[in-house]
Structure formats: structure tokens, C-alpha cells
There are 2 protein chains.
Amino acid sequence: MTRREQWARVLQENQIKPSYPRLCIYSYLAESKSHPTADEIYLALHDEMPTLSKMTVYNTLNILIEKKLARLISIEEHEARYDANTQLHGHFKCSLCDRVIDFPVQDQYISYDNLKGFDVMEKDIFFRGICPSCKVSGGKA
Amino acid sequence: MTRREQWARVLQENQIKPSYPRLCIYSYLAESKSHPTADEIYLALHDEMPTLSKMTVYNTLNILIEKKLARLISIEEHEARYDANTQLHGHFKCSLCDRVIDFPVQDQYISYDNLKGFDVMEKDIFFRGICPSCKVSGGKA
DNA sequence: TCTAATGATTATAATCATTATAATATTTAA
DNA sequence: TTAAATATTATAATGATTATAATCATTAGA
């Protein structure tokens with residue numbers, strides 16, 4: 001089974017009909033590590049799919065979020081990024097190179113003493129600062 | 001010294017001239033626990049200050065953020081909320097009543113093993129789910 | 001006190017990502 | 001093969017925020 005077929009199967013298992021545009025969008029997001037914006041996805045796929053509309057990108061991303069196959073990363077106001085990794089992890093945004101980098105978060109290390117009685121369904125952990133390579137290069141990397 | 005005068009002093013200590021609109025906006029934010037949006041601040045102050053413009057609210061909030069007297073809470077896309085509590089703490093948004101509730105976060109319980117070499121300057125911890133009172137009332141409280 | 005000059009506030013218009021709507025195309029099922 | 005359902009597209013609308021420029025207030029110097 002090709003990787004494409006595997007992504008199609010994931011969509012089907014989540015009641016999303018794997019149309020060609022949807023499969024392209026989901027594959028791109030799932031194989032990307034850069035947490036792209038809707039616009040970046042649209043631009044990246046535009047070459048191989050000149051008829052693709054942005055509405056389809058937005059529609060597909062909203063369906064993926066609804067079915068919990070993707071998450072919206074609002075680490076920056078006015079910059080909606082998307083991530084197909086729905087496991088708990090943190091996001092670090094470097095203020096110099098603007099890259100968003102994943103980091104592991106171990107749930108058991110977060111204290112929940114003060115959230116007794118709350119049903120916690122989603123967790124976002126956003127850090128900002130300077131990444132190691134920008135500390136060396138001064139952000140010019 | 002009145003509370004008003006104390007907030008004015010905080011502004012001055014941070015090189016912000018405590019004009020009447022600025023003092024109103026900062027006092028309101030500092031004494032609020034509801035993490036208001038710019039629009040909510042504007043509406044709340046409009047009665048006692050009919051000439052207030054929204055631009056002043058936005059300007060003042062941006063100055064407060066710049067001087068680290070307030071933080072932008074982007075727990076929800078397309079809904080910029082503000083918080084004058086700049087100490088590390090988490091925000092929980094109830095999906096039923098839409099309230100944003102603070103919860104303590106103990107920094108030492110977050111594992112940083114995988115952030116060696118990163119300069120972490122800002123931390124946002126956003127949880128979503130159902131709050132205890134909505135669990136009882138079904139969100140109708 | 002008068003007058004520049006500076007800074008704060010306001011009003012207006014512009015921007016831009018996202019959504020709404022409706023039309024078109026495609027797929028599905030009878 | 002046709003009708004119904006669904007997906008995609010094009011276009012226009014929305015709405016929060018920012019840009020710009022004009023007005024107002026405040027301060028400092030003569």
C-alpha cells in the first residue's frame with residue numbers, strides 16, 4: 001500500500017470521502033513538519049492542481065479538525081497554522097526565524113491539582129523565544 | 001492611595017503616560033477576571049467615556065503588551081482576549097459557557113528535557129473542555 | 001501667558017484572512 | 001440514464017484589526 005493509499009484509508013476511517021483535493025491536502029499536511037497555514041498549503045498544491053480553490057483548503061481543514069485528524073495552532077494571532085499530529089505535544093515559535101518547532105510534553109509532569117472537576121479535552125502548550133540555531137546565527141540562518 | 005492611583009503608578013513605572021483613557025482601560029483590565037476582548041473593554045467603558053474610540057483601546061492594549069503589563073490570550077482563533085495577570089498561569093476555556101478560567105501552573109512540573117538550548121521567553125498553556133458548573137447544569141448556567 | 005512642538009486621541013478608510021452564498025461540477029444510487 | 005446528493009469553485013460579504021491623517025491636549029520655552 002502506498003503512503004497515499006494509507007492517508008486515504010485514514011480519511012475513510014473517519015468518514016471523510018477521500019476526494020482528490022482532500023487527499024492532496026491531508027497528505028501534504030500529514031507529511032509536513034512546518035505547521036503550514038491554509039495559504040501555504042494552497043500555494044504548495046497549486047502547481048500540481050491549478051484548479052484548486054482556497055475554499056476547498058479551508059473546507060478540508062475544517063473537516064479534518066472536526067474529525068480530530070488535525071489541530072489548529074493559534075500560537076500567533078492572525079496566523080492560523082495547522083498540524084496533523086494530534087498527539088499531545090508543545091509548540092515553540094522562534095521569534096527570530098518564525099519557525100514553529102514541536103517539543104515533547106509529558107502529561108504526567110503537568111500538575112492538575114487545580115483542575116479537579118474539569119473535563120479537559122484539548123491542551124495547547126505554546127512557548128515563544130529563541131531557538132538554538134538562531135542563538136548562534138542571530139536569526140540569519 | 002486609591003486603587004486608581006496605584007494603577008497610574010504602575011503605568012508610570014513602565015514609561016506609559018497615564019492619560020485618562022489609558023488609566024480607565026488598564027484599571028478595567030487589571031481588575032477584571034473575565035479576560036475581556038478589546039470590544040468588551042470598549043463597551044464597558046463607553047458609558048462613562050462616550051468619546052472613547054476603539055482605536056484608543058487597541059492602542060493602549062498594544063502598548064500594555066509591549067511593556068509586558070498585559071498578555072494576549074489567543075485561546076480561540078478570531079477572539080483576542082487580554083489579561084493583565086502576567087504571571088505564569090494556565091487558561092481553561094469552557095466549550096459550553098465560553099468562560100475563560102485561570103488555573104495555576106507550576107513551572108517545575110513541566111519537563112524541559114527537550115528544550116535544552118532554547119531561550120523560552122513566553123509560555124501559553126490553553127486547555128479546553130467542560131467546567132464543573134456546566135457539567136452539572138449542562139451549560140445553561 | 002503665549003506659542004511651538006510633542007504626544008494622545010479620534011475619525012475615516014483600508015486590509016486581509018475567513019466565511020457565506022450560490023452556482024457548477026462530480027459522484028452515487030436507483 | 002437520470003435524479004439526487006455531495007464536493008468544488010467563484011464571487012461577494014464579513015468583521016476585527018491596522019494605517020493614515022486630522023484634531024485635540026499637554027508640555028516646555030520664550
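Below, read A as the first sequence line, B as the second, and so on, with proteins coming before strands; counting in each chain starts at 1.
Checked against D:dT9, C:dG7, C:dT9, the side chain of B:Pro21 finds its nearest nucleotide in C:dT9. Taking only side-chain atoms of A:Met55, from C-beta outward, the nucleotide of C:dG7, D:dT9, C:dT18 with the closest atom is D:dT9. For B:Tyr58, the side-chain atoms get nearest to D:dT18 when compared with the rest of C:dT10, D:dT18, C:dT18. With distances taken from any side-chain atom of A:Thr51 to the nucleotides D:dT9, C:dT10, C:dA8, the minimum falls on D:dT9. The side chain of A:Ala80 lies closest to C:dT18, out of D:dA7, C:dA8, C:dT18. Nearest nucleotide to the side chain of B:Lys17, out of C:dA8, C:dT10, C:dT18: C:dA8. Residue A:Ser19 has its side chain nearest to D:dA7 when only D:dT9, C:dT9, D:dA7 are considered. Picking from D:dT17, D:dT9, D:dA7 the nucleotide with the shortest atom distance to the side chain of A:Arg22 gives D:dA7.
Shown here is A:Glu13, whose CD atom has more than 12 heavy atoms of other residues, nucleotides or ligands within 6.0 Å. Heavy-atom neighbours of B:Arg4 CZ from other residues, nucleotides or ligands within 6.0 Å: above the threshold of 12. Other residues, nucleotides and ligands contribute more than 12 heavy atoms inside 6.0 Å of the CD atom of B:Glu48.
Proximity of B:Leu64 to B:Arg22: side-chain heavy atoms (C-beta onward) are nowhere separated by under 4.5 Å.
Note: NE2 (A:His78) to C1' (C:dA14) measures 15 Å, nearest angstrom. Computed from coordinates, the B:Ile16 CD1 to C:dG7 P distance equals 15 Å when rounded to whole Å. Atom CD1 in B:Ile41 sits roughly 14 Å away from atom P in D:dA16 (whole-Å rounding). Following rounding to the nearest Å, A:Leu23 (CG) and C:dT27 (P) show an atom-to-atom distance of 14 Å. Residue B:Leu11 contributes atom CG, which lies 14 Å from atom C1' of C:dA8 at whole-angstrom precision. Counting to the nearest Å, the P atom of C:dA17 and the CD atom of A:Glu77 are 14 Å from each other. The nearest whole Å value for the distance from the NZ atom in A:Lys54 to the P atom in C:dC16 is 11 Å. Whole-Å rounding puts the A:Met49 CE to D:dT9 C1' distance at 11 Å.
Within the 4.0 Å cut-off from OP1 or OP2 of D:dT9, at least one side-chain nitrogen or oxygen of A:Thr56 is found. Applying the 4.0 Å criterion to OP1 and OP2 of D:dT18, one finds that B:Asn62 has a side-chain N or O inside that range.
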Query raised in the report: What's the verdict on salt bridge (Lys or Arg N to Asp or Glu O under 4.0 Å) for A:Asp124 and A:Arg71, showing C-alpha distance, side-chain angles and the deciding distance?
Result: CA-CA 10 Å; A:Asp124 277 332; A:Arg71 300 237 7 217; 2.7 Å; yes

